[in-house]
Amino acid sequence: MLSDVAEAAGVSLSTASKALNGRGDVAAATRARVESAAFELRFTPNPLARGLLASRSGTVGLLTNDLEGRFVLPILAGAEDALGAGSVNVFLCDAQGDAVREQHHLRALLSRRVDGIIVVGSRTDARRSLGQELSVPVVYVYSPSDDDRDLSLTPDNLTGGQLAIEHLVSCGRKRIAFIAGDQSYRAATDRWEGAQAALRAADLELVGAPMYSEWSEHWGRDAAATLLERYPEIDAIFCASDQLARGAIDTARELGRRVPEDLAIIGYDNWLPLAANSRPGLTSIDANLGELGKQAAERIFQAIDGVEIPHGVHHLPVRLVIRGSTIARR
């Protein structure tokens, strides 16, 4: 069995499959080790599998519903980089949030005999599955499928909320407020849930109630103004997006509150045009969107190589990026 070859060669099942199937993204020494193990074990790849391999189209479909979205583009870039490194061509389709258009694109991709499909959403709320009857493997990214039989990769927003509060607490902040966008978004509630866990762990309570409205700098300014007028003792604000945080920084400046000396502000998404160009630079939680796309492509490769991929929703790590809005630069 292929698994015996992989074990004997000391590689993963996916790597063993790639080596024996002639994929170019395997080191020469590794390929030789796998081939040697296969020879010693008298393993011969299934002729049917070889026939299927030969009939591949060498293409993968990328299906999105928001090509202009700032979350979608980094994911697509990560996926395209990985697919390009594996010498796979990409068909990119934008459904523009229209279910009918999405079905049209899906039929077009299948008619082109793509080897797999990556479905990329614009928000972390569950979306409707494309179904289990498709003839090719499908991986859902950012927006998870509502069917646990599918594989979905999405950022770990609960941990992201915890990281934000833990960082503020480590900076000595104890009177912390929270601003988010639309409460109907899963991202808003997950980030708040993570923040709550960190506040409890630090034996702290939120100052005021969570502030929800729209994902905009305008709401960040208004919400921060309301909070600072009602609770002037606030020494930190966790904003659930970088746009909100930029608005909060503007309000702090207008009210004479120094950032970060008087008020620490942390955002979310690490959107570089905002975070890096903010004054001061904005501390933020990075969702590693490019890595999401890369891992989706790798799962597609595994499925094409005949390796069974996992099912269910998998939350990928996020990371804290520290800048001057929480720790003064010297």
Side-chain angles (χ1 to χ4, degrees), residues 14 17-18 23 25 52 56-99 101-156 186-187 287-318:
S14 175
S17 175
K18 291 177 185 178
R23 280 276 294 278
D25 50 347
L52 290 173
R56 290 181 188 165
S57 66
T59 59
V60 167
L62 291 178
L63 180 58
T64 179
N65 61 16
D66 182 20
L67 187 55
E68 296 181 358
R70 59 188 175 91
F71 301 118
V72 170
L73 292 177
I75 295 171
L76 295 179
E80 273 201 300
D81 284 347
L83 293 168
S87 301
V88 173
N89 295 315
V90 177
F91 287 123
L92 178 59
C93 300
D94 182 11
Q96 301 177 22
D98 186 313
R101 188 186 298 264
E102 180 179 81
Q103 286 298 312
H104 168 75
H105 285 313
L106 177 60
R107 288 192 295 270
L109 290 172
L110 294 174
S111 70
R112 288 177 176 269
R113 300 179 62 82
V114 295
D115 298 318
I117 298 174
I118 298 174
V119 181
V120 184
S122 59
R123 48 192 287 184
T124 57
D125 300 84
R127 55 147 292 147
R128 186 175 181 179
S129 172
L130 295 179
Q132 304 302 312
E133 297 76 28
L134 298 182
S135 57
V136 298
V138 179
V139 176
Y140 298 80
V141 188
Y142 204 72
S143 296
S145 165
D146 61 2
D147 190 332
D148 284 341
R149 293 174 293 177
D150 294 321
L151 170 61
S152 301
L153 306 177
T154 193
D156 188 351
R186 180 70 182 267
N288 288 326
L289 299 179
E291 183 64 19
L292 276 176
K294 177 184 175 184
Q295 291 208 23
E298 290 174 352
R299 297 296 182 272
I300 289 290
F301 280 146
Q302 289 177 351
I304 292 173
D305 284 335
V307 178
E308 185 175 356
I309 60 176
H311 303 292
V313 179
H314 295 252
H315 300 280
L316 272 60
V318 299

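Because the structure is predicted, anything quoted here is derived from the model rather than measured. Residue numbers count from 1 along this sequence.
Taking all atoms of both residues into account, the shortest heavy-atom contact from S122 to D66 is CB-OD2, 3.6 Å. For the residue pair V114 and T59, the shortest heavy atom distance occurs at CA-OG1, 3.4 Å. The nearest pair of heavy atoms linking G58 to D115 is N-OD2, 2.8 Å. The two atoms that bring H105 and L63 nearest to each other are CB-CD1, 3.8 Å, heavy atoms only. Taking both residues in full, the closest heavy atoms of P144 and T124 are given as CD-O, 3.3 Å, listed atom of the first, atom of the second, then distance. Contact between G61 and L109 at its shortest, heavy atoms only, is CA-CD2, 3.9 Å.
The side-chain heavy atoms of Q96 and N65, taken from C-beta on, include no pair separated by under 4.5 Å. Using a 4.5 Å heavy-atom threshold, the side chains of L76 and V90 count as separate.
Taken from CG in L289 to CD1 in I75, the straight-line distance is 5.0 Å, to the nearest 0.5 Å. Separating the CD atom in E80 from the CG atom in L73 is a distance of 10.0 Å, to the nearest 0.5 Å. With rounding to the nearest 0.5 angstrom, the CG atom of D125 is 12.0 Å from the CG atom of D146. The CG atom of L106 sits 5.0 Å away from the CD1 atom of I117 when rounded to the nearest 0.5 Å. A distance of 11.5 Å separates CG in L292 from NE2 in H315, rounded to the nearest 0.5 Å. Between the CG atom in L153 and the OH atom in Y140 there is a gap of 12.0 Å [rounded to 0.5 Å].
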Note to self: Show, in sequence, the C-alpha distance, side-chain angles and deciding distance for N288 and L316, and conclude whether the side chain to side chain contact (heavy atoms under 4.5 Å, CB included) test is met.
What the structure shows: CA-CA 8 Å; N288 288 326; L316 272 60; over 6 Å; no

Note to self: Between V72 and Y142, does the side chain to side chain contact (heavy atoms under 4.5 Å, CB included) criterion hold? Intermediate values first, please.
What the structure shows: CA-CA 8 Å; V72 170; Y142 204 72; over 6 Å; no

Checklist line | Verdict with reasoning, D150 to L130, per side chain to side chain contact (heavy atoms under 4.5 Å, CB included) | finding: CA-CA 9 Å; D150 294 321; L130 295 179; over 6 Å; no

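For the residue pair D147/S129, the side-chain donor-acceptor check at 3.5 Å is not satisfied.
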Ignoring hydrogens and angles, write down the donor-acceptor pairs under 3.5 Å from the side chains of residues 293-301, residues two or more places apart or on other chains.
unit_1 : atom_1 : unit_2 : atom_2 : d
Q295   : OE1    : R299   : NH2    : 3.4
Q295   : NE2    : E291   : OE2    : 3.2

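Ion pair R127/E102 flagged as a salt bridge, since at least one NZ, NE, NH1 or NH2 atom sits closer than 4.0 Å to an Asp/Glu carboxylate oxygen.
A distance-only check finds no donor-acceptor pair linking the side chain of S145 to the backbone of S152 [under 3.5 Å]. Panel note: side chain T64, backbone D94; no donor-acceptor pair is recorded below 3.5 Å.
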